[in-house]
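Residue numbering restarts at 1 for every chain, and letters A, B, ... go by the order of the sequence lines. Bear in mind the structure is a predicted one, so any value in this text is a computation, not a measurement.
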There are 2 protein chains.
Amino acid sequence: MTDSSEIDAIIKALAHPVRRQILAWLKEPEEWFAEQAHPLDYGVCAGMIDKRTGLSQSTTSAHLSTLQKAGLVETQRIGQWIYYKRNEANIQAFLEAIGESL
Amino acid sequence: MTDSSEIDAIIKALAHPVRRQILAWLKEPEEWFAEQAHPLDYGVCAGMIDKRTGLSQSTTSAHLSTLQKAGLVETQRIGQWIYYKRNEANIQAFLEAIGESL
DNA sequence: TATACATTTCGATAAAAAGCGATATAGATA
DNA sequence: TATCTATATCGCTTTTTATCGAAATGTATA
């Protein structure tokens, strides 16, 4: 982190309002995903996010995949669930990199 | 500057490598556009940028238009030329806004 | 006014991204 | 093993963005 091709992937990932919205929700999971049965420390499981976006399950899954490939979120599988949380280190590194390059 | 719809336009504008490249060139016009016959204080005229992108004149014009609509560059017409320069205030405002929202 | 030059706009095509339902995969549980 | 739940992947269609050449616009100049 964070070279030019990574910046490219990140900016493209951010260039969609739903993906930015997901990142914003994940900033305060207790506020947006309080109904999740599992501990929020793991992250938020994909199905919870589906519910909020209003998009289909497969479309939301694709958005999450884009965020993950860009390194903006990280995942952890526990049982049948996959938890998503922000990758704060990468987000911070990106902000610094774009602050310099822009 | 800089509300949510403006951020959206800016991020979309940045989500193309050629447009980021143009912004980078405009950071150091004397380095990249020294052959311009007119003073660089005005900015860099569109034709000079065309030459560098390797894309067609009309495509480059569309990229410049995207950057301008997003507020990342400003233009000034002098005679038959239209000069482009970075809008540093807006760029800075964007960096601060995204640093907070992200 | 006619012509030349710089740039934008138009019309069309191609490529990329978004979206959906259906299917596949993987783990949990009866 | 059979079935249920959660998520990812596939195949397809629609929408958006990128790209080009040609035409239009606007300015300068002979």
Side-chain angles (χ1 to χ4, degrees), chain A residues 5 8-23 25-26 29 33 35-40 42-70 72-85, chain B residues 5 8-23 25-26 29 33 35-40 42-70 72-85:
Chain A
S5 74
D8 190 73
I10 292 177
I11 295 191
K12 280 186 180 145
L14 293 175
H16 192 294
V18 165
R19 289 190 295 256
R20 290 200 302 281
Q21 178 68 80
I22 291 172
L23 283 177
W25 286 332
L26 291 180
F33 304 103
E35 78 273 32
Q36 175 169 297
H38 325 279
L40 287 167
Y42 297 157
V44 176
C45 69
M48 294 273 105
I49 299 171
D50 291 349
K51 280 196 206 152
R52 287 230 166 263
T53 60
L55 298 172
S56 75
Q57 184 268 326
S58 62
T59 297
T60 305
S61 177
H63 282 311
L64 289 171
S65 168
T66 299
L67 287 170
Q68 189 195 1
K69 280 177 191 148
L72 292 167
V73 300
E74 53 194 341
T75 63
Q76 185 185 7
R77 163 157 237 151
I78 297 182
Q80 54 199 137
W81 296 279
I82 299 182
Y83 296 94
Y84 284 83
K85 63 162 69 164
Chain B
S5 74
D8 191 72
I10 291 177
I11 295 191
K12 281 186 181 145
L14 293 176
H16 192 293
V18 166
R19 289 189 295 257
R20 291 201 301 282
Q21 178 68 81
I22 291 172
L23 283 177
W25 287 333
L26 291 180
F33 304 103
E35 78 273 33
Q36 176 169 296
H38 324 279
L40 288 167
Y42 298 156
V44 177
C45 68
M48 293 274 106
I49 299 172
D50 292 349
K51 281 196 207 151
R52 287 232 168 260
T53 61
L55 298 171
S56 76
Q57 185 270 325
S58 63
T59 297
T60 305
S61 177
H63 283 311
L64 289 171
S65 168
T66 299
L67 287 169
Q68 189 195 359
K69 280 177 189 147
L72 291 167
V73 300
E74 52 193 340
T75 63
Q76 183 185 9
R77 162 158 238 154
I78 297 181
Q80 55 200 138
W81 296 279
I82 299 182
Y83 295 94
Y84 284 83
K85 63 164 67 164

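For Leu64(A) and dA18(C), the CG to P distance is 13 Å, given to the nearest whole Å. The CG atom of Asp8(B) sits 12 Å away from the P atom of dA18(C) (whole-angstrom rounding). Across the protein-nucleic acid pair, Ile22(A) atom CD1 and dA18(C) atom C1' stand 13 Å apart, rounded to whole Å. Rounded to whole Å, the distance from CD1 on Ile82(A) to P on dA26(C) is 11 Å. A straight line from CZ of Arg77(A) to P of dA6(D) spans 12 Å, rounded to a whole angstrom. Put simply, NZ on Lys12(B) is 11 Å from C1' on dA18(C), counting in whole angstrom units. Look at CD on Gln68(A): it is 12 Å from C1' on dT7(D), rounded to the nearest Å. We find that NE2 of His38(A) is positioned 13 Å from C1' of dG27(C), with the value rounded to whole Å.
For Gln80(B), counting side-chain heavy atoms from C-beta on, the closest listed nucleotide (dA6(C), dC20(D), dA8(D)) is dA6(C). Considering only side-chain atoms of Arg19(B), the nucleotide from dA18(D), dT9(C), dG19(C) that sits closest is dA18(D). Relative to the side chain of Tyr84(A), the nucleotides dA6(C), dA8(D), dA18(D) differ in distance, and dA8(D) lies closest. Checking dC20(C), dT7(D), dA6(C) against every side-chain atom of Cys45(A), the shortest atom distance belongs to dT7(D). Counting only heavy atoms from C-beta on, Trp81(B) has its side chain closest to dT7(C) among dC20(D), dA8(D), dT7(C). In the set dA8(D), dT7(C), dG21(D), the nucleotide with an atom closest to the side chain of Ser56(B) is dG21(D). Here the side chain of His16(A) is nearest to one of dT19(D), dA6(D), dA18(C), namely dA18(C).
In this structure a side-chain-to-backbone donor-acceptor pair under 3.5 Å is present from Gln36(A) to Gly43(A). Side-chain atoms of Arg52(B) never come within 3.5 Å of backbone atoms of Ile22(B) as a donor-acceptor pair (strictly under, hydrogens ignored). A distance-only check finds no donor-acceptor pair linking the side chain of Gln21(B) to the backbone of Thr53(B) [under 3.5 Å]. Judged purely by atom type and a 3.5 angstrom limit, Arg20(B) uses its side chain to pair as donor or acceptor with the backbone of Leu14(B).
The base of dG21(D) lies close enough to the side chain of Ser58(B) for a donor and an acceptor atom to sit less than 3.5 Å apart. Residue-to-nucleotide contacts include a donor-acceptor pair under 3.5 Å from the side chain of Gln57(A) to the base of dA8(D).
Between Gly47(B) and Ala15(A), it is Gly47(B) whose nearest contact on DNA chain C lies nearer the 5' terminus. Ranked by how close their nearest DNA chain C nucleotide is to the 5' end, Leu55(A) and Met48(B) are led by Met48(B).
By the 30° and 60° cut-offs, the orientation of the rings of Trp81(A) relative to His38(A) is tilted. Taking the six-membered ring where tryptophan is involved, the planes of Trp25(A) and Phe33(A) are perpendicular, since the angle between them exceeds 60° and thus also 30°.
Distances shown here put a side-chain N or O of Ser61(A) below 4.0 Å from the OP1 or OP2 atom of dA8(D). Remark: His63(B) is not in phosphate contact with dT17(D), judged by side-chain N or O atoms under 4.0 Å from OP1 or OP2.
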